[in-house]
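Just so it is clear, the values below take in all heavy atoms, side chains as well, and ignore hydrogens, waters and symmetry mates.
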Amino acid sequence: MSVHITRINCLKWLPVIMIFLLFASCNKENSATNDQLTEKRFNNPGQGWGNTSPEMVLRWNAAATYVVVNAVPGPPIPPFIESRYYAMVNLAMHDALNNIVPKYETYATTDNTFKGADPDAAVAQAAHDVIVYFFDKLNPPANVSSNPVKAYIGNLLNQSLSGIDASPEKTQGIALGKLAAANMIARRATDGVANVMFPIFPVNTPGSYQFTFPFTVPPFQLPPPFVGFYDSPGWGNLATFGLTNSTQFAVPAPYALSSAAYAADYNEVKRMGCVTCTGVNGRSADQEDIAKFWVESSPYTWNKIAREIISQKNMDAWRVAHVLALLQMTEADAYIACLKAKMTHFFWRPVTAIHAGNADGNSNTTGDLNWEVLVFPTPPVADHPSAHATAGGAGAELIKNYFGSDEFSFSIETAT
């Protein structure tokens with residue numbers, strides 16, 4: 001599906017404040033740029049890297065998404081896991097560059113012994129090592145060596161490095177890339193990711209989240225206690241990338257089931273959100289296209305949007321790595337905060353609510369046992385707040401603040 005977008009509409013929620021905090025901690029120029037030799041090499045194209053093309057950063061940013069789309073058999077990687085992975089890959093590239101010329105504050109690696117390293121070698125090696133780490137984590141060991149995507153990543157590294165003439169700078173760049181990747185992996189290894197799956201026991205009361213079809217029947221059955229890859233109920237307890245923690249900004253509770261506001265939302269979703277809700281009393285064709293367009297993973301989609309905008313700008317490797325790292329940090333934090341709020345409120349999904357509409361205590365809602373959502377299946381995770389709205393608002397607000405505008409013209413496609 002292709003959509004032409006002329007303006008990014010910024011969703012109002014947690015993202016606005018979150019972006020300013022990220023910029024305060026990560027957008028400032030590092031004081032180390034006062035080093036006269038480093039500054040001279042960066043700003044004089046004849047002596048350094050001030051005009052370094054962002055091609056290598058963009059090549060490996062694309063490789064990270066290629067692995068997600070092509071490498072893992074079975075269900076798609078959940079977007080919150082995807083966002084953490086993208087953040088780590090892009091931050092590793094960012095850190096590698098900023099240990100050569102420290103234009104921006106680093107995240108996991110600060111080492112002043114790499115000032116002469118080759119930037120492209122450092123970027124390629126850093127991204128490669130983080131990508132391979134995730135690939136190996138997500139694939140059974142027996143499948144890793146024979147997987148063509150693993151071979152693709154190895155071949156891409158060889159291609160990237162073979163295009164750089166042998167020199168001490170290249171050797172130093174490879175060493176820096178390995179260090180940046182290793183430090184990134186080590187820092188996030190203790191972020192709580194090992195403890196995100198644990199039993200949850202839904203209570204069958206109005207308003208409470210319930211498991212939904214097909215995750216209630218074999219072979220997809222995930223009965224209580226649910227220890228599911230997709231749900232990962234402890235994801236909201238992860239250490240954040242830029243936020244203080246996942247509860248820094250409180251998320252209001254959903255509307256009370258007895259309220260008029262709840263009934264209004266219920267009836268709007270019931271009228272417009274089902275698989276057969278077309279025609280005069282339902283959604284328009286444009287609304288259906290928009291709904292299907294945004295089904296795609298938010299970290300993946302907003303990465304594509306950022307790349308489209310970058311292509312319109314004259315940006316060197318440092319700045320491209322910076323905006324991509326900030327974007328994926330923001331996406332990752334948006335998901336961590338959102339999933340924490342989802343588990344806090346543990347609110348039922350629309351399909352559950354509409355099936356049980358006659359028993360919710362609200363006289364203005366009518367149940368329908370045959371109602372099914374437009375885009376099937378409903379993800380096995382609680383409803384409130386919306387993860388797509390949170391991640392979308394975060395991505396839009398980051399880009400708006402970074403470039404000083406939300407007026408852009410570009411076209412992107414999604415697979416849905």
Side-chain angles (χ1 to χ4, degrees), residues 14-15 18-19 21-22 25-26 60-61 63-69 71-72 75-95 106-109 126-139 180-198 228-248 296-304 306 321 323-343 379 381 387-388 390-392 394-395 398:
L14 154 71
M18 185 169 74
I19 298 307
L21 288 181
L22 280 169
S25 65
C26 301
W60 282 94
N61 169 271
T65 61
Y66 176 88
V67 168
V68 169
V69 173
V72 181
I77 297 174
F80 50 89
I81 294 176
E82 189 178 353
S83 68
R84 176 178 177 270
Y85 157 66
Y86 289 158
M88 290 176 65
V89 173
N90 286 283
L91 277 167
M93 293 192 289
H94 172 273
D95 277 9
T106 54
Y107 180 80
T109 298
H128 167 270
D129 288 4
V130 178
I131 292 171
V132 167
Y133 169 79
F134 270 90
F135 182 91
D136 291 349
K137 285 281 189 181
L138 294 172
N139 284 272
N183 286 351
M184 182 62 59
I185 291 167
R187 174 159 180 178
R188 296 305 301 188
T190 58
D191 65 1
V193 72
N195 303 310
V196 298
M197 293 188 287
F198 51 79
F229 173 64
Y230 197 97
D231 189 276
S232 299
W235 198 264
N237 297 326
L238 257 65
T240 47
F241 285 86
L243 293 177
T244 302
N245 53 55
S246 60
T247 60
Q248 185 172 351
E296 190 173 68
S297 160
S298 291
Y300 180 61
T301 298
W302 283 97
N303 195 74
K304 290 193 295 186
V323 68
L324 290 173
L326 282 172
L327 173 66
Q328 296 301 353
M329 285 175 67
T330 303
E331 291 292 288
D333 277 2
Y335 275 103
I336 293 170
C338 182
L339 266 71
K340 183 66 174 181
K342 281 179 179 290
M343 288 302 296
V381 62
H388 254 61
T390 304
L398 184 284

| remark: Shortest non-hydrogen pair, P233 vs M343, comes out as O-CG, 3.3 Å
| Check: H388 side chain, E296 main-chain N or O, donor-acceptor pair, under 3.5 Å | yes
| query | Rounded to the nearest 0.5 Å, what separation is found between the OG1 atom of T247 and the NZ atom of K340? | reply | 7.0 Å
| said: Assess the residue pair T109 and M184 against the criterion (side-chain contact (heavy atoms from CB on, under 4.5 Å)); give the C-alpha distance rounded to whole Å, side-chain angles, the decisive distance to 0.1 Å, and a yes or no. | reply: CA-CA 8 Å; T109 298; M184 182 62 59; over 6 Å; no
| request: Check the pair L324 / M93 against side-chain contact (heavy atoms from CB on, under 4.5 Å), numbers first and verdict last. | output: CA-CA 10 Å; L324 290 173; M93 293 192 289; 5.6 Å; no
| Value rounded to 0.5 Å, distance of OH in Y133 from NE2 in H128 | 15.5 Å
| request: Return the minimal non-hydrogen interatomic distance between P299 and Y86, and the atom names on each side. | output: CB-CD1, 3.7 Å
| message | Is any side-chain heavy atom of E331 closer than 4.5 Å to one of W302? | response | yes
| request: From the options D333, N303, N90, select the one residue that forms a side-chain hydrogen bond (donor to acceptor under 3.5 Å, both in side chains) with Q328. | output: N303
| Between atom CD1 of I336 and atom CG of L238, what is the distance when rounded to the nearest 0.5 Å? | 5.0 Å
| Six-ring centre of F241, R188 cation under 6.0 angstrom, axis tolerance 45° | yes
| field | Which atom of A126 lies closest to which atom of A180, heavy atoms considered | value | CB-CB, 4.3 Å
| note | What one should report as the nearest heavy-atom pair of A127 and V89 is CB-CG1, 4.1 Å
| query | Nearest heavy-atom pair of A332 and S83: which atoms, and what distance? | reply | CA-OG, 3.4 Å
| query | Taking atom NZ of K342 and atom OG1 of T390, what is their separation to the nearest 0.5 Å? | reply | 7.5 Å
| said: So, applying ring pair (Phe, Tyr, Trp, His ring centres under 6.0 Å) with Y85, which one of F80, F134, Y300, Y335 is it? | reply: F134
| task | Quick one: do Q248 and T240 satisfy side-chain contact (heavy atoms from CB on, under 4.5 Å)? Show the steps, please. | result | CA-CA 10 Å; Q248 185 172 351; T240 47; over 6 Å; no
| request: Rounded to the nearest 0.5 Å, what's the gap from OH on Y107 to CE on M329? Could you check? | output: 6.5 Å
| Non-hydrogen atoms of L327 and G395 that approach each other most closely | CD1-CA, 3.9 Å
| message | If I take atom CG from residue D136 and atom CD1 from residue I131, how far apart are they, to the nearest 0.5 angstrom? | response | 12.0 Å
